[in-house]
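Scope of the values below: all heavy atoms of this structure, side chains included, with no hydrogens, waters or symmetry mates. Lettering follows sequence order; numbering is per chain, from 1.
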Protein chains: 2
Amino acid sequence: MSDSRSEGPTRREAATARRREQILEAALARFVENGYHQTGVRDIAERAGVSVGNVYNHFPSKHHILVEVAELERIEFDRFRRLLAPSDPPASETLHRFVSEYVTFLATPENLILAIELTSEAIRQPDIGELFVANREGLAASLTSVLERGVETGELRADLDASGTARLILELVEGAAYRSLLGDNPVQRIIDDVSGFVSAALRKG
Amino acid sequence: MSDSRSEGPTRREAATARRREQILEAALARFVENGYHQTGVRDIAERAGVSVGNVYNHFPSKHHILVEVAELERIEFDRFRRLLAPSDPPASETLHRFVSEYVTFLATPENLILAIELTSEAIRQPDIGELFVANREGLAASLTSVLERGVETGELRADLDASGTARLILELVEGAAYRSLLGDNPVQRIIDDVSGFVSAALRKG
DNA sequence: CCATATTGAGCGAACGCTCGTTCAGTGTAA
DNA sequence: TTACACTGAACGAGCGTTCGCTCAATATGG
């Protein structure tokens, strides 16, 4: 009764949207648990508490589910972009905080495993690849402006290639996080290693 | 007639070994082309010019084929370990040569794709994971001694954590190479970026 | 040195399953 | 009454693996 007129979603539409999200979350969980190719649509349906057929009422194909899962990652990435947004503290401090947060994020197995799963799918599925690259580029762009700011204030090496360096830092963090998963190194050590390496590479000298 | 006595492999054994290698090479090619899970045993057999059944005369399972493919990678890695073996030139020069060669190797799509495929399988298949870690550790160890040598001769920062730094360098190279695949950046630029970043991080100051 | 027995590489149909996807039918909110 | 979320059986294709079989290369006994 309340909001059926004009805008607001009806009870039914709300329920539908909730179902969709349930399925998406179930898919995410299964992809992390068993990998994309090892996960069947039946697994997703079961985990979501829904029939196989109904999955196809909400998504046109298994592939599209993966695409939407990949889009979920972008939302996570926006958090890190906000962390890198223009602000007062010196660049090196912002940088350290970012490295710390990003490593911590990727050191959580489910986040890292999803990233690797997407990395691997991105090679052969163009739309996943594009999403993946776009995400990375956005993050790299934010990081680049932090570095540029650091160069301007004279805090960092003047001859720094901000854009290239930003990408290298991302790769450093991601690689280090992967190592922490397979070799289960403590997260704090990874953070310190990476931070130390990065600040050594960026300092004036 | 020649060597049937005592040791040497008979004609038959030689042919068998050759077939085995054919199948292995076919599998490698298919895994790179289409990915491990998207490749069927029939695809491997077809590419090798052999029947499905015969594949199972040479390998107990598809999984074991992957394991042997992963072992092939170690042979490649040995090449880089030799490059890092104790020698005369200054550490920074050895380092630069290594970075250059390793990036070039990984910038070849088939090498990188195989590495990613294995990375992704290593998460859920323990034996692949162990092989993978062992390979990386070996390379990291060789790189570590180069760095240690550089510290001893006073060429590199004295407070360097050689072991941790070695691993970071490897991750940097691998990450950068992956970026070159998805964004097709020129190899030489990647080499220069990485080399510059690394030498900045390691130099005294 | 020949005749014969043994081996195991090689084949491809077939097995039991799981896959992604479809669809006729049902119940319920609008 | 209409629209549609929802179900689950069914489909055809493909999966990894096994099977009974053939046949050339090898080992063995005379």
**Student:** Indicate yes or no: does R20(A) engage E68(A) in a salt bridge with an N to O separation below 4.0 Å.
**Tutor:**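 Looking at R20(A) and E68(A), the cut-off is met.
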
**Student:** Salt bridge (Lys or Arg N to Asp or Glu O under 4.0 Å) between E71(B) and R74(B): does it pass, once the steps are laid out?
**Tutor:** CA-CA 5 Å; E71(B) 270 164 7; R74(B) 189 189 36 204; 5.0 Å; no

**Student:** Rounded off to whole Å, could you give me the CD-to-C1' distance for the Q22(B) and dG10(C) pair?
**Tutor:** 13 Å

**Student:** Please step through side-chain contact (heavy atoms from CB on, under 4.5 Å) for the pair T16(B) and H58(B), ending with a clear verdict.
**Tutor:** CA-CA 8 Å; T16(B) 299; H58(B) 293 273; 3.6 Å; yes

**Student:** Rounding to a whole Å, what distance do you find between Q38(B):CD and dA13(D):C1'?
**Tutor:** 16 Å

**Student:** For the pair made of CG in D43(B) and P in dG16(D), what is the distance, rounded to whole Å?
**Tutor:**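 Result: 8 Å.
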
**Student:** When the distance from CD of Q125(A) to P of dG20(C) is rounded to whole Å, what number comes out?
**Tutor:**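 Rounding to the nearest Å, CD of Q125(A) and P of dG20(C) are 12 Å apart.
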
**Student:** Under the criterion side-chain contact (heavy atoms from CB on, under 4.5 Å), I'd like the reasoning laid out for I113(B) against L181(B): C-alpha separation, chi angles, the key distance, then a yes or no.
**Tutor:** CA-CA 9 Å; I113(B) 290 175; L181(B) 179 72; 4.2 Å; yes

**Student:** Calculate the interatomic distance between Y36(A) atom OH and dT18(C) atom P; express it in whole Å.
**Tutor:**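 Rounded to whole Å, this separation is 19 Å.
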
**Student:** Could you check R19(B) against H63(A) and say which one's nearest nucleotide on DNA chain C is further toward the 5' end?
**Tutor:**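 Upstream on the strand: R19(B).
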
**Student:** Would you mind checking if E137(A) and R167(A) are paired as a salt bridge, meaning a charged N to carboxylate O distance below 4.0 Å?
**Tutor:** yes

**Student:** Atom CD1 of I23(A) to atom P of dC6(D): distance rounded to whole Å?
**Tutor:** 7 Å

**Student:** Go through residues 46-58 of chain B and report each residue with a non-hydrogen atom lying under 4.0 Å from DNA chain C, sorted by number.
**Tutor:** V50(B), S51(B), G53(B), N54(B), N57(B), H58(B)

**Student:** Using whole Å, report how far CG of N34(B) lies from C1' of dG14(D).
**Tutor:**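 The answer, rounded to whole Å, is 14 Å.
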
**Student:** At 4.0 Å (heavy atoms only), tell me whether R42(B) reaches a base, stays on the sugar-phosphate, or touches nothing.
**Tutor:** base

**Student:** Nearest-Å distance, NE2 (H64(B)) to C1' (dG16(D))?
**Tutor:**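 Result: 14 Å.
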
**Student:** So, are E33(B) and R30(B) salt-bridged, with charged N and O less than 4.0 Å apart?
**Tutor:** yes

**Student:** Are the aromatic ring centres of F98(B) and F105(B) under 6.0 angstrom apart?
**Tutor:** no

**Student:** Which nucleotide sits closest to the side chain of V41(B): dG20(C), dA9(C), dG16(D)?
**Tutor:**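 Closest of the options to the side chain of V41(B): dG16(D).
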
**Student:** When you measure from the side-chain N and O atoms of R12(B) to the phosphate of dA24(D), is any distance below 4.0 Å, counting only OP1 and OP2?
**Tutor:** no

